[in-house]
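Single-structure report; data block below.
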Amino acid sequence: MEDRHRGGSSGPWYLLGGLFAAVILLLAAWNIELPYLAFSAGPVTDAANSVIAEEVPVYPPEGELLMLTVVSQDVNVFEAAIVALDPKIDLVRRAAYRSPDESDEDYRDRVLQQMDDSQRVSIAVALSQLGYQMVPTDVVITGVSEAVPASGQLEEGDSLDAIDGRSIVDLADVTAALEGHKAGDVIQIRIIRGGSAKTVDVELAERSDEMGGPMIGITVQEISEPPFPISFAAGVVGGPSAGMMNTLAIIDTLTEGEMTHGHVIAGPGTIHPDGTVGNIGGVRQKV
(Lines give C-alpha, C1' and ligand atoms only; values in the text may rest on other atoms or scores of the structure.)
Protein backbone atom coordinates (compact mmCIF):
# COMPACT_ATOMS: atom_id res chain seq x y z
CA MET A 1 0.00 0.00 0.00
CA GLU A 2 2.79 2.39 0.90
CA ASP A 3 4.61 1.82 -2.41
CA ARG A 4 1.46 2.38 -4.49
CA HIS A 5 0.74 5.62 -2.61
CA ARG A 6 4.21 7.01 -3.33
CA GLY A 7 4.06 6.07 -6.99
CA GLY A 8 0.65 7.63 -7.49
CA SER A 9 1.67 10.93 -5.93
CA SER A 10 4.24 11.69 -8.65
CA GLY A 11 1.56 12.51 -11.27
CA PRO A 12 0.80 16.07 -10.12
CA TRP A 13 4.51 16.84 -9.94
CA TYR A 14 5.00 15.76 -13.57
CA LEU A 15 2.05 17.94 -14.54
CA LEU A 16 3.42 20.96 -12.68
CA GLY A 17 6.85 20.36 -14.17
CA GLY A 18 5.38 20.20 -17.65
CA LEU A 19 3.42 23.41 -17.13
CA PHE A 20 6.51 25.16 -15.78
CA ALA A 21 8.56 24.05 -18.79
CA ALA A 22 5.80 25.23 -21.15
CA VAL A 23 5.73 28.65 -19.49
CA ILE A 24 9.51 28.92 -19.81
CA LEU A 25 9.30 28.02 -23.52
CA LEU A 26 6.49 30.52 -24.07
CA LEU A 27 8.44 33.31 -22.38
CA ALA A 28 11.55 32.43 -24.36
CA ALA A 29 9.62 32.44 -27.64
CA TRP A 30 7.99 35.77 -26.76
CA ASN A 31 11.41 37.36 -26.26
CA ILE A 32 12.99 35.92 -29.42
CA GLU A 33 13.00 38.75 -31.94
CA LEU A 34 12.99 37.58 -35.55
CA PRO A 35 14.99 39.32 -38.32
CA TYR A 36 11.75 40.55 -39.90
CA LEU A 37 9.54 43.61 -39.86
CA ALA A 38 5.75 43.53 -40.11
CA PHE A 39 4.40 46.05 -42.64
CA SER A 40 0.83 47.19 -42.11
CA ALA A 41 -1.27 50.10 -43.33
CA GLY A 42 -0.60 53.32 -41.43
CA PRO A 43 -2.53 56.55 -40.82
CA VAL A 44 -3.88 58.56 -43.74
CA THR A 45 -3.68 62.37 -43.84
CA ASP A 46 -4.67 65.07 -46.31
CA ALA A 47 -1.50 66.55 -47.84
CA ALA A 48 -3.37 69.67 -48.97
CA ASN A 49 -4.28 70.51 -45.38
CA SER A 50 -0.61 70.44 -44.37
CA VAL A 51 0.59 73.12 -46.84
CA ILE A 52 1.45 76.42 -45.14
CA ALA A 53 2.20 79.29 -47.55
CA GLU A 54 2.62 82.97 -46.66
CA GLU A 55 2.82 86.22 -48.63
CA VAL A 56 1.06 84.68 -51.67
CA PRO A 57 -2.61 84.02 -52.52
CA VAL A 58 -3.76 80.54 -51.51
CA TYR A 59 -6.77 78.55 -52.68
CA PRO A 60 -7.43 75.67 -50.23
CA PRO A 61 -8.74 72.69 -52.22
CA GLU A 62 -12.25 71.41 -51.60
CA GLY A 63 -11.14 67.87 -52.41
CA GLU A 64 -8.49 65.80 -50.64
CA LEU A 65 -5.04 64.59 -51.64
CA LEU A 66 -4.44 61.74 -49.26
CA MET A 67 -0.92 60.84 -48.17
CA LEU A 68 -0.67 57.11 -47.45
CA THR A 69 1.72 55.61 -44.92
CA VAL A 70 2.99 52.26 -43.71
CA VAL A 71 3.72 51.22 -40.14
CA SER A 72 6.60 48.78 -39.53
CA GLN A 73 7.40 46.97 -36.31
CA ASP A 74 9.67 44.20 -35.07
CA VAL A 75 8.05 40.83 -34.46
CA ASN A 76 8.65 37.85 -32.20
CA VAL A 77 7.71 34.22 -32.89
CA PHE A 78 4.07 34.60 -31.79
CA GLU A 79 3.55 37.89 -33.62
CA ALA A 80 5.04 36.39 -36.80
CA ALA A 81 2.58 33.50 -36.57
CA ILE A 82 -0.34 35.93 -36.23
CA VAL A 83 0.93 38.10 -39.09
CA ALA A 84 1.18 35.04 -41.33
CA LEU A 85 -2.59 34.63 -41.01
CA ASP A 86 -3.37 38.25 -41.91
CA PRO A 87 -3.32 38.94 -45.69
CA LYS A 88 -3.09 42.70 -45.09
CA ILE A 89 0.29 42.49 -43.33
CA ASP A 90 3.60 41.51 -44.92
CA LEU A 91 6.76 40.19 -43.30
CA VAL A 92 9.90 41.70 -44.85
CA ARG A 93 13.52 41.14 -43.98
CA ARG A 94 14.71 43.74 -41.49
CA ALA A 95 18.12 43.98 -43.19
CA ALA A 96 16.43 45.35 -46.33
CA TYR A 97 15.40 48.50 -44.44
CA ARG A 98 17.70 48.84 -41.43
CA SER A 99 21.39 48.18 -40.89
CA PRO A 100 22.29 45.76 -38.07
CA ASP A 101 23.86 48.49 -35.92
CA GLU A 102 21.09 51.07 -36.43
CA SER A 103 19.22 51.86 -33.23
CA ASP A 104 15.52 52.71 -33.10
CA GLU A 105 16.42 56.35 -32.49
CA ASP A 106 18.85 56.42 -35.43
CA TYR A 107 16.19 54.84 -37.67
CA ARG A 108 13.61 57.39 -36.59
CA ASP A 109 16.04 60.26 -37.26
CA ARG A 110 16.85 58.83 -40.69
CA VAL A 111 13.24 58.54 -41.87
CA LEU A 112 12.41 62.00 -40.54
CA GLN A 113 15.40 63.39 -42.47
CA GLN A 114 14.10 61.59 -45.56
CA MET A 115 10.78 63.36 -45.10
CA ASP A 116 12.53 66.74 -44.73
CA ASP A 117 14.54 66.13 -47.92
CA SER A 118 11.42 64.99 -49.76
CA GLN A 119 9.54 68.11 -48.71
CA ARG A 120 12.34 70.36 -49.99
CA VAL A 121 12.27 68.59 -53.36
CA SER A 122 8.46 68.81 -53.47
CA ILE A 123 8.57 72.55 -52.87
CA ALA A 124 11.23 73.09 -55.56
CA VAL A 125 9.40 70.95 -58.14
CA ALA A 126 5.99 72.49 -57.45
CA LEU A 127 7.25 76.08 -57.55
CA SER A 128 9.18 75.40 -60.76
CA GLN A 129 5.98 74.04 -62.31
CA LEU A 130 4.19 77.22 -61.25
CA GLY A 131 6.90 79.49 -62.68
CA TYR A 132 8.56 80.59 -59.44
CA GLN A 133 12.35 80.81 -59.18
CA MET A 134 14.14 79.37 -56.14
CA VAL A 135 16.60 81.75 -54.44
CA PRO A 136 20.19 80.41 -54.05
CA THR A 137 21.51 80.83 -50.51
CA ASP A 138 24.53 78.56 -50.10
CA VAL A 139 27.03 76.23 -51.76
CA VAL A 140 27.95 73.08 -49.82
CA ILE A 141 30.82 70.66 -50.50
CA THR A 142 29.53 67.15 -51.20
CA GLY A 143 32.89 65.50 -51.93
CA VAL A 144 36.65 66.13 -52.04
CA SER A 145 39.05 64.32 -54.36
CA GLU A 146 41.90 62.56 -52.56
CA ALA A 147 44.40 63.45 -55.31
CA VAL A 148 44.28 67.25 -54.89
CA PRO A 149 45.99 69.63 -52.43
CA ALA A 150 42.57 70.60 -51.03
CA SER A 151 42.23 67.09 -49.59
CA GLY A 152 42.61 67.31 -45.83
CA GLN A 153 41.80 71.02 -45.80
CA LEU A 154 38.25 70.93 -47.13
CA GLU A 155 35.66 68.41 -46.00
CA GLU A 156 32.30 67.13 -47.08
CA GLY A 157 29.64 69.31 -45.49
CA ASP A 158 31.72 72.50 -45.49
CA SER A 159 29.83 75.55 -46.69
CA LEU A 160 31.74 77.82 -49.12
CA ASP A 161 31.42 81.33 -47.73
CA ALA A 162 33.99 83.20 -49.84
CA ILE A 163 36.88 82.64 -52.27
CA ASP A 164 39.62 85.30 -52.30
CA GLY A 165 37.19 87.64 -50.60
CA ARG A 166 34.41 87.06 -53.15
CA SER A 167 31.14 86.01 -51.50
CA ILE A 168 29.86 82.63 -52.64
CA VAL A 169 26.09 82.26 -52.91
CA ASP A 170 25.59 80.06 -55.97
CA LEU A 171 27.54 77.81 -58.34
CA ALA A 172 28.19 80.66 -60.76
CA ASP A 173 30.08 82.50 -57.99
CA VAL A 174 32.49 79.55 -57.64
CA THR A 175 33.22 79.53 -61.38
CA ALA A 176 33.70 83.29 -61.45
CA ALA A 177 36.07 83.19 -58.47
CA LEU A 178 38.44 80.83 -60.33
CA GLU A 179 38.60 82.94 -63.49
CA GLY A 180 42.10 84.28 -64.14
CA HIS A 181 43.73 81.59 -62.02
CA LYS A 182 45.86 78.68 -63.19
CA ALA A 183 46.86 75.35 -61.70
CA GLY A 184 49.37 75.83 -58.90
CA ASP A 185 47.92 79.15 -57.74
CA VAL A 186 47.03 79.41 -54.06
CA ILE A 187 43.64 80.84 -53.18
CA GLN A 188 41.99 81.67 -49.87
CA ILE A 189 38.74 79.87 -49.16
CA ARG A 190 36.55 80.87 -46.26
CA ILE A 191 34.34 78.03 -45.13
CA ILE A 192 31.68 77.48 -42.49
CA ARG A 193 32.19 74.21 -40.62
CA GLY A 194 30.10 73.21 -37.64
CA GLY A 195 28.76 76.75 -37.33
CA SER A 196 32.24 78.32 -37.16
CA ALA A 197 34.08 80.24 -39.88
CA LYS A 198 37.53 79.14 -41.00
CA THR A 199 39.89 80.38 -43.72
CA VAL A 200 42.27 77.97 -45.48
CA ASP A 201 44.90 78.45 -48.19
CA VAL A 202 44.30 75.97 -51.01
CA GLU A 203 46.57 75.21 -53.96
CA LEU A 204 44.62 74.73 -57.16
CA ALA A 205 45.02 71.40 -58.97
CA GLU A 206 45.17 70.95 -62.75
CA ARG A 207 42.07 69.90 -64.65
CA SER A 208 42.35 66.60 -66.52
CA ASP A 209 40.50 68.02 -69.53
CA GLU A 210 42.38 71.33 -69.81
CA MET A 211 46.16 71.75 -69.55
CA GLY A 212 46.91 74.35 -66.91
CA GLY A 213 43.22 74.77 -66.19
CA PRO A 214 42.56 75.23 -62.44
CA MET A 215 40.23 73.29 -60.19
CA ILE A 216 39.78 72.98 -56.46
CA GLY A 217 38.95 69.27 -56.74
CA ILE A 218 35.57 69.29 -55.02
CA THR A 219 31.97 68.51 -55.87
CA VAL A 220 29.40 70.97 -54.60
CA GLN A 221 25.65 71.37 -54.25
CA GLU A 222 23.75 74.63 -54.47
CA ILE A 223 21.27 75.17 -51.65
CA SER A 224 18.26 77.34 -52.44
CA GLU A 225 15.11 78.54 -50.70
CA PRO A 226 11.61 79.41 -51.93
CA PRO A 227 10.95 83.09 -52.76
CA PHE A 228 8.27 83.15 -50.03
CA PRO A 229 7.69 81.19 -46.80
CA ILE A 230 6.21 77.75 -47.50
CA SER A 231 6.33 74.59 -45.42
CA PHE A 232 4.39 71.51 -44.35
CA ALA A 233 2.69 70.69 -41.07
CA ALA A 234 3.21 66.95 -41.51
CA GLY A 235 3.67 65.97 -37.87
CA VAL A 236 6.06 63.09 -37.20
CA VAL A 237 5.48 61.15 -40.44
CA GLY A 238 8.79 59.92 -41.87
CA GLY A 239 10.12 58.63 -45.18
CA PRO A 240 10.13 60.05 -48.72
CA SER A 241 6.97 58.47 -50.17
CA ALA A 242 4.76 61.55 -49.74
CA GLY A 243 6.77 63.48 -52.33
CA MET A 244 4.30 63.23 -55.20
CA MET A 245 1.23 64.10 -53.10
CA ASN A 246 3.02 66.99 -51.40
CA THR A 247 4.01 68.37 -54.81
CA LEU A 248 0.42 68.16 -56.09
CA ALA A 249 -0.87 69.68 -52.83
CA ILE A 250 1.33 72.76 -53.28
CA ILE A 251 0.32 73.19 -56.91
CA ASP A 252 -3.38 72.88 -56.05
CA THR A 253 -3.12 75.21 -53.04
CA LEU A 254 -1.33 77.95 -54.98
CA THR A 255 -3.48 77.66 -58.11
CA GLU A 256 -6.97 79.05 -58.42
CA GLY A 257 -9.52 76.37 -59.26
CA GLU A 258 -9.89 72.74 -58.27
CA MET A 259 -7.34 70.17 -59.41
CA THR A 260 -9.27 67.46 -57.56
CA HIS A 261 -12.73 68.71 -58.62
CA GLY A 262 -13.81 68.03 -55.05
CA HIS A 263 -12.87 64.34 -55.14
CA VAL A 264 -10.85 62.36 -52.60
CA ILE A 265 -7.64 61.17 -54.28
CA ALA A 266 -5.02 58.95 -52.64
CA GLY A 267 -1.58 58.18 -53.97
CA PRO A 268 1.96 57.52 -52.76
CA GLY A 269 5.26 58.00 -54.59
CA THR A 270 8.60 59.70 -54.16
CA ILE A 271 9.42 62.77 -56.25
CA HIS A 272 12.72 63.52 -58.02
CA PRO A 273 14.14 67.01 -58.64
CA ASP A 274 13.26 66.72 -62.35
CA GLY A 275 9.61 66.10 -61.45
CA THR A 276 9.52 62.38 -62.20
CA VAL A 277 7.79 60.05 -59.75
CA GLY A 278 9.95 57.38 -58.17
CA ASN A 279 9.57 54.29 -56.02
CA ILE A 280 6.68 53.44 -53.71
CA GLY A 281 7.54 51.64 -50.49
CA GLY A 282 4.97 49.28 -48.97
CA VAL A 283 2.71 49.69 -51.97
CA ARG A 284 0.43 46.74 -51.07
CA GLN A 285 -0.38 48.17 -47.67
CA LYS A 286 -0.97 51.61 -49.15
CA VAL A 287 -3.36 50.21 -51.73
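Scope of the values below: all heavy atoms of this structure, side chains included, with no hydrogens, waters or symmetry mates. All residue numbers in this chain count up from 1 along the given sequence.
Partners of Ser167 under the side chain to side chain donor-acceptor pair (under 3.5 Å) rule, at least two apart in sequence or in another chain, do not exist in this structure. Qualifying salt bridge (charged side-chain N to carboxylate O under 4.0 Å, His left out) partners for Arg166, counting only residues two or more places apart in sequence or in other chains: none. The salt bridge (charged side-chain N to carboxylate O under 4.0 Å, His left out) check on Asp161 picks up Arg190, with sequence neighbours excluded. For Pro226, the side chain to side chain contact (heavy atoms under 4.5 Å, CB included) partners are Ile123, Leu127, Met134, Ile230, not counting sequence neighbours.
Contacts classified as ring pair (Phe, Tyr, Trp, His ring centres under 6.0 Å) and involving residues 98-117 (residues at least two apart or in different chains) are not found. Within the structure, ring pair (Phe, Tyr, Trp, His ring centres under 6.0 Å) contacts touching residues 129-154 (residues at least two apart or in different chains) are Tyr132-Phe228. Within the structure, ring pair (Phe, Tyr, Trp, His ring centres under 6.0 Å) contacts touching residues 182-211 (residues at least two apart or in different chains) do not occur. Sequence neighbours left out, not one pair with a member in residues 52-73 passes ring pair (Phe, Tyr, Trp, His ring centres under 6.0 Å). For residues 277-287, the salt bridge (charged side-chain N to carboxylate O under 4.0 Å, His left out) pairs, not counting sequence neighbours, are Asp90-Arg284.
From Ile265, atom CD1 reaches atom CG of Leu65 across 6.0 Å, with rounding to the nearest 0.5 Å. Considering CD1 of Ile141 and CD of Glu156, their distance stands at 9.5 Å, rounded to 0.5 Å. From Met215, atom CE reaches atom CG of Leu178 across 11.0 Å, with rounding to the nearest 0.5 Å. Here Phe39 contributes atom CZ and Leu91 contributes atom CG; the two are 10.5 Å apart, rounded to the nearest 0.5 Å. Atom CD of Gln133 sits about 7.0 Å away from atom OG of Ser128, to the nearest 0.5 Å. For the atom pair CG (Asp104) and CD (Gln73), the distance works out to 11.5 Å, reported to the nearest 0.5 Å.
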Please set out all donor-acceptor pairs under 3.5 angstrom arising from side-chain atoms of residues 268-277, sequence neighbours excluded.
from   : atom 1 : to     : atom 2 : distance (Å)
Thr270 : OG1    : Gly278 : N      : 3.4
Thr270 : OG1    : Asn279 : N      : 3.0
Thr270 : OG1    : Asn279 : O      : 3.3
Asp274 : OD1    : Thr276 : N      : 3.1
Asp274 : OD1    : Thr276 : OG1    : 2.7

Sequence neighbours excluded and cut-off under 3.5 Å, please list the side-chain donor-acceptor pairs for residues 168-177, or say none.
from   : atom 1 : to     : atom 2 : distance (Å)
Asp170 : OD1    : Ala172 : N      : 3.2
Asp170 : OD1    : Asp173 : N      : 3.0
Asp173 : OD2    : Val169 : N      : 2.8
Asp173 : OD2    : Asp170 : N      : 3.2

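Met115 and Val71 are assigned to two separate hydrophobic clusters, defined by single-linkage of ILVMFWY side chains at heavy-atom distances under 4.5 Å. Tracing side-chain contacts under 4.5 Å through hydrophobic residues (I, L, V, M, F, W, Y), one never reaches Ile223 starting from Ile189; they form parts of separate clusters. Transitive grouping of hydrophobic side chains (ILVMFWY, heavy atoms separated by less than 4.5 Å) brings Ile191 and Val220 into a common cluster.
Formation of a donor-acceptor pair under 3.5 Å by the Asn246 side chain with backbone atoms of Gly243 is not found in this model. With Ser151 contributing its side chain and Ala147 its backbone, the two residues share no donor-acceptor pair below 3.5 Å.
For the residue pair Gly213 and Ala183, the shortest heavy atom distance occurs at O-CB, 4.1 Å. Taking all atoms of both residues into account, the shortest heavy-atom contact from Thr253 to Pro61 is OG1-CD, 3.9 Å. When all heavy atoms are compared, the tightest approach of Asp158 to Gln153 is OD2-O, 4.4 Å.
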Practice task
Take Asp109 and Gln113 through the side chain to side chain donor-acceptor pair (under 3.5 Å) test and state the conclusion after the steps.
Solution key: CA-CA 6 Å; Asp109 290 343; Gln113 183 61 53; over 6 Å; no
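Within 6.0 Å of CD on Glu222 lie more than 12 heavy atoms contributed by other residues, nucleotides or ligands. Heavy atoms from other residues, nucleotides or ligands lying under 6.0 Å from CD of Glu258 number more than 12.
Members clustered with Val283: Ile280, Val287, by chain and number, using a 4.5 Å side-chain heavy-atom cutoff among hydrophobic residues.
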